[in-house]
Amino acid sequence: MLDSKYLRAELAETAARQATRGFVLDVEKINALELQRRELQVATQELQNQRNSKSKAIGQAKARGEDITPLLAEVDGLGAELDRAKLQLDAVLAELDAIAATIPNLPDLSVPVGNDEQGNVEVRRVGTPRQFDFDVKDHVALGEALDKGLDFESAVKIAGSRFVVMKGQIARLHRALTQFMLDLHTEQHGYTEMYVPYLVNKDSLFGTGQLPKFGADLFHTQPATEEGVGMSLIPTAEVPVTNLARDRIYDLAELPVKMTAHTPCFRSEAGSYGRDTRGLIRQHQFDKVELVQLVHPAQSMSALEELTGHAEKVLQLLELPYRVMLLCTGDMGFGSCKTYDLEVWLPAQNTYREISSCSSMGDFQARRMQARFRPEEGKKPELLHTLNGSGLAVGRTLVAILENCQQADGSIAIPAVLQPYMAGKTVIA
RNA sequence: GGAGAGAUGGCAGAGUGGUUUAAUGCACCGGUCUUGAAAACCGGCGAGGGUUAGUAGCCCUUCAAGAGUUCGAAUCUCUUUCUCUCCGCCA
């Protein structure tokens with residue numbers, strides 16, 4: 001959510017910047033509503049003021065034992081008038097809130113302008129794709145050949161498409177990756193490991209920006225549109241972890257807060273029919289190790305570089321070639337003001353595919369969540385900045401390892417850093 | 001799942017319809033005193049919003065959340081959520 005005062009004052013500027021991400025801000029409508037809001041709010045508060053002071057006068061008169069009948073006559077009709085004003089005001093406020101809740105974050109000025117992923121800018125490439133002297137197989141073929149380590153058929157039977165069953169050494173490799181990532185981030189990068197709920201309420205989804213706009217991307221235990229009922233499966237640990245800051249005021253000394261969590265993620269993938277239907281790339285359920293930081297506003301841009309580096313470190317240690325993409329205005333997520341995607345090299349697809357997305361949300365989520373810090377003892381609390389990134393998506397990392405570390409006989413050479421997590425094994429055959 | 005008791009500012013804790021503009025204590029901040037500190041004393045001290053040039057003043061909202069009764073609600077009524085105690089069930 002954007003600052004309503006800023007939105008009012010800099011409406012034209014905001015509209016221009018939103019346009020770069022393909023979002024049309026209805027300036028005239030907002031101006032008209034704002035005009036009404038101002039008038040109605042002042043009028044309503046004035047009526048409330050009258051009611052309060054007159055009611056108090058009645059109380060005082062009664063305490064003195066005076067006749068309060070004339071005073072009661074004075075307030076006659078005031079309540080009805082107030083109700084009417086309030087009703088109108090609430091309607092206008094609701095309309096303004098509804099608009100505000102659907103406005104994306106403002107892109108940072110360092111973000112390149114572009115319409116779609118074609119406009120993304122490659123920042124750097126790390127590692128060189130390996131040259132194979134045999135025909136590479138994709139992860140689906142490799143996984144199935146290894147004692148049905150990846151079993152999509154069984155998953156269809158027990159759940160449906162876009163799920164997977166893992167077995168034996170592949171399942172263990174998947175677990176090993178998770179442990180490795182968590183250990184790296186907690187022991188080397190200073191994150192605190194968190195275990196969090198996988199089902200969350202509406203307030204949390206609003207806080208991080210999934211609601212009201214993106215409810216269709218989630219799985220809900222009951223329709224989330226109904227007031228107060230139903231929880232939703234988390235689409236990312238970003239939701240429960242970032243919401244730990246909701247309605248909290250941190251001391252300056254507590255910042256930055258750096259948290260990591262491993263959770264399954266659930267996404268309905270509505271609207272992605274026909275894309276990545278084969279394999280592990282796009283699933284309804286996948287595991288991810290998430291990095292979240294809560295920082296002082298002055299630190300958020302440097303924290304984004306740092307956090308992105310933490311995610312990159314995973315790829316470097318696994319010796320997987322990747323590149324870093326700076327997303328353009330048109331390709332960024334709803335709440336982000338700046339995003340780096342990490343794309344890992346997949347030899348079977350002969351291309352780089354997204355494996356992590358690291359974003360600074362600025363104060364966008366913090367404002368929705370009222371996540372704040374106190375800059376100085378006795379000073380007013382200010383909104384902090386939130387950042388998050390995948391460090392990494394575990395399923396896609398598994399894909400990258402299977403494909404990049406495959407050998408001519410179909411076996412998989414286990415990266416050195418994972419071997420301690422695989423009981424010392426060096427190869428999966 | 002059943003029965004009962006609760007939810008008040010950072011914490012503790014008064015307050016059962018109008019001198020509550022939420023008492024008081026602790027914590028915290030500023031001051032007096034002191035070589036310095038402690039103690040004592042004095043003052044301040046929640047959050048959100050509106051108006052505004054304003055971090056000034058004034059005003060509104062906020063006592064778990066929502067709805068209601070009333071001229072007036074922390075206080076009365078209803079619904080929901082959560083917490084605690086006991087029982088049941090379970091990992």
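Quick caveat, the model's predicted, so the values are computed rather than measured. We name chains A, B, ... by the order of the sequence lines, and we start the count at 1 in each one.
- Aromatic rings of A/Phe219 and A/His284 (six-membered ring for Trp) have centroids within the 6.0 Å cut-off, being under it.
- Taking the P atom of each, B/U32 and B/A38 are spaced 14 Å apart, rounded to whole Å.
- Where pairing requires Watson-Crick or G-U contacts shorter than 3.5 Å, the helical stems of RNA chain B with at least three consecutive pairs are B:1-7 with B:81-87, B:10-12 with B:24-26, B:28-32 with B:40-44, B:46-51 with B:57-62, B:64-68 with B:76-80.
- B/G18 and B/A12 have their C1' atoms separated by 28 Å, with the value rounded to a whole Å.
- Listed by residue number, the members of residues 250-259 of chain A with any heavy atom below 4.0 angstrom from RNA chain B form an empty set.
- Both A/Ala63 and A/Val75 lie near RNA chain B, and the one whose nearest nucleotide falls closer to the 5' end is A/Ala63.
- Listed by first then second residue, pairs satisfying side chain to side chain donor-acceptor pair (under 3.5 Å) with a partner in residues 188-199 of chain A read A/His185-A/His189, A/Tyr191-A/Gln293, A/Tyr191-A/His310, not counting sequence neighbours.
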- Message: Walk along nucleotides 48-66 of chain B from 5' to 3' and tag each nucleotide B, S or - by protein heavy-atom contact under 4.0 Å, base first, then sugar-phosphate.
- Response: SBSSS------BSS-----

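- Only the C1' atoms considered, B/G6 is 14 Å distant from B/C63, to the nearest whole Å.
- To the nearest 0.5 Å, atom CD of residue A/Gln285 and atom CZ of residue A/Arg267 are 12.5 Å apart.
- Rounded to the nearest Å, the gap between the C1' atom of B/G9 and that of B/G1 is 36 Å.
- Evaluation of atom-type donor-acceptor distances gives a pair under 3.5 Å for the side chain of A/Lys62 against the base of B/G18.
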Could you give the side-chain donor-acceptor pairs of residues 87-99 of chain A under 3.5 Å, partners two or more places apart or in another chain?
none

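- For A/Thr20, the side chain to side chain contact (heavy atoms under 4.5 Å, CB included) partners are A/Pro107, A/Val113, A/Thr329, not counting sequence neighbours.
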